[in-house]
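As structure tokens, the structure follows; a few thoughts come after it.
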2 protein chains.
Amino acid sequence: MVAAEIPDIVVGRLPLYLRALTQMASEGKLITSSQELGSRLGISPAQIRKDLSQFGEFGKQGTGYNIGFLAEQLRSILHVDQVWDVALVGVGDLGRAVAHYAGFLERGFRISALYDNDPAKIGTRIADLVIQDSAELVTDLRRRGISVTMLAVPATEAQAIADRLVEAGVKFILCYAPTSVRVPETVRVQYIDPVVHLQRMTYYRR
Amino acid sequence: MVAAEIPDIVVGRLPLYLRALTQMASEGKLITSSQELGSRLGISPAQIRKDLSQFGEFGKQGTGYNIGFLAEQLRSILHVDQVWDVALVGVGDLGRAVAHYAGFLERGFRISALYDNDPAKIGTRIADLVIQDSAELVTDLRRRGISVTMLAVPATEAQAIADRLVEAGVKFILCYAPTSVRVPETVRVQYIDPVVHLQRMTYYRR
DNA sequence: TAGATTGTTAATCGATTAACAATC
DNA sequence: TAGATTGTTAATCGATTAACAATC
């Protein structure tokens with residue numbers, strides 16, 4: 001049961017499987033198949049079986065997968081059978097919306113710290129959290145042992161803040177700023193830039 | 001000069017190239033190389049050259065790429081040398097933040113219609129736009145010829161709204177709802193779900 | 001049992017990289 | 001010219017799919 005080297009691209013699909021399974025469970029379904037899951041997600045059944053088989057044997061021939069059991073396994077694999085404390089840096093319009101979003105907790109994350117560098121915002125509250133001064137970022141995150149952060153600052157500030165996050169020992173950064181940041185290999189970054197997604201589509205203008 | 005079949009994954013990188021080039025231009029740089037571009041983006045120089053060569057010869061041996069020229073070419077390839085009207089459906093916290101975001105226009109998109117089904121919101125304004133009733137979605141989008149939309153409604157409503165968008169002739173949907181939607185093959189969907197990105201990272205917990 | 005679906009293998013398909021001639 | 005970097009080819013690497021024995 002030694003963890004083999006799982007391709008990044010496979011890991012990337014696991015959260016989609018988990019999300020679909022959770023949805024099925026909420027619809028009262030108990031069992032599904034690679035066929036059904038695949039048709040919901042637009043992924044081939046063979047690929048789903050292959051992906052899952054990297055981690056174990058979760059299904060039953062002739063029957064399919066127990067939705068609750070498979071979801072539980074995926075939560076464990078993705079390490080979201082626990083709740084991660086997340087710090088959000090940058091409380092502009094987007095940061096505010098993210099801070100208010102209620103959907104994190106049930107999927108393994110809890111926003112538990114907010115930072116901004118605007119004196120007018122520091123000390124005010126959003127969703128029960130006091131906005132703290134970004135100047136305290138490094139000592140504070142380090143002290144609290146927070147390793148997951150979301151970056152919702154302007155693109156021009158993203159690299160500087162990312163450097164501070166790295167300094168604070170942060171391991172995972174979800175970057176909403178429309179720019180790439182450079183970090184050591186020990187730190188992982190994921191990006192969300194709506195314009196990138198839009199441009200990926202308009203290429204296919206007919 | 002017949003458009004060859006370009007892999008999706010290549011198309012997906014073009015907006016990143018464009019974003020980095022635009023940033024370089026704003027820094028006053030005039031020339032770059034696949035080496036430099038690659039190191040900013042964490043992509044190999046060979047891959048960048050290969051990707052670009054699918055569309056033409058944009059560089060000069062020994063010199064590299066003219067940043068302004070290459071950016072212009074990419075805008076043309078991605079069809080963002082024009083401005084696309086975008087409709088945003090769902091004006092909750094996230095939709096509001098998206099509507100206020102000033103960064104769309106210079107990258108080829110303009111939010112020009114807002115929809116919600118909450119009577120308390122309909123008729124009010126956000127960023128100079130009057131929120132319209134979702135009930136008018138189909139006729140309205142069709143009349144205005146809008147083909148790009150952003151979907152910021154709850155997951156439970158996403159499929160129903162997506163069906164209406166398809167009915168209205170929409171071709172591109174950027175889905176912020178944490179769910180997959182089924183649409184005909186003629187319609188493209190891109191997804192933004194922050195939790196999916198977070199879970200992709202926490203898998204690598206050490 | 002008969003029907004269905006998994007887990008897995010082998011084959012296919014596609015993407016990335018290394019290397020280098022061309023040339024600015 | 002000498003140095004640098006492109007565009008492109010061929011080789012390598014990796015991912016997806018088809019097919020089917022196993023088995024519930």
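A note on names: the letters A, B, ... follow the listed sequences, proteins ahead of strands, and every chain is numbered from 1. Computed from a prediction, not measured in an experiment: that's the story for all the values here.
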Comparing Asp8(B) and Leu52(A) on DNA chain C - which has the more 5′ nearest nucleotide = Leu52(A)
Could you say whether Ala46(A) or Gly62(A) is positioned toward the 5' end of DNA chain D, judged by the nucleotide with the nearest heavy atom to each?
-> Ala46(A)
Are any of the side-chain nitrogens in Asp140(B) or Arg143(B) under 4.0 Å away from the carboxylate oxygens of its partner?
-> yes
Between Thr63(B) and Lys60(A), name the one whose nearest nucleotide on DNA chain D is closer to the 5' end.
-> Thr63(B)
In Å and rounded to the nearest 0.5 Å, what is the CD to CG distance from Glu36(A) to Leu41(A)?
-> 10.5 Å
Less than 4.5 Å apart, any side-chain heavy atom of Tyr17(A) and any of Ile48(A)?
-> yes
Any chance you could lay out the side-chain hydrogen bond (donor to acceptor under 3.5 Å, both in side chains) test for Asp8(B) and Tyr204(A), step after step, and finish with the verdict?
-> CA-CA 10 Å; Asp8(B) 250 30; Tyr204(A) 295 97; 2.3 Å; yes
NZ/NE/NH1/NH2 to OD/OE distance under 4.0 Å, Arg144(B) and Asp85(B) = no
Go through the steps to decide whether Arg182(B) and Ser39(A) satisfy the test side-chain hydrogen bond (donor to acceptor under 3.5 Å, both in side chains), and finish with yes or no.
-> CA-CA 9 Å; Arg182(B) 272 190 266 211; Ser39(A) 102; 3.0 Å; yes
Taking atom types as modelled and ignoring hydrogens, do the side chains of Gln47(A) and Asp51(A) form a donor-acceptor contact shorter than 3.5 angstrom?
-> no
Answer yes or no: is there a side-chain heavy-atom contact under 4.5 Å between Ile111(A) and Met150(A)?
-> yes
First contact, last contact: which nucleotides of DNA chain D are these for chain B, 5' to 3', heavy-atom distance under 4.0 Å?
-> dA4(D) to dT9(D)
With heavy atoms under 4.0 Å as the rule, sort Pro45(A) into base, sugar-phosphate or nothing.
-> nothing
Once you build an axis from the first five pairs and another from the last five of the helix from dG3(C)-dC24(D) to dC24(C)-dG3(D), how far apart in angle are they, to 10 degrees?
-> 20°
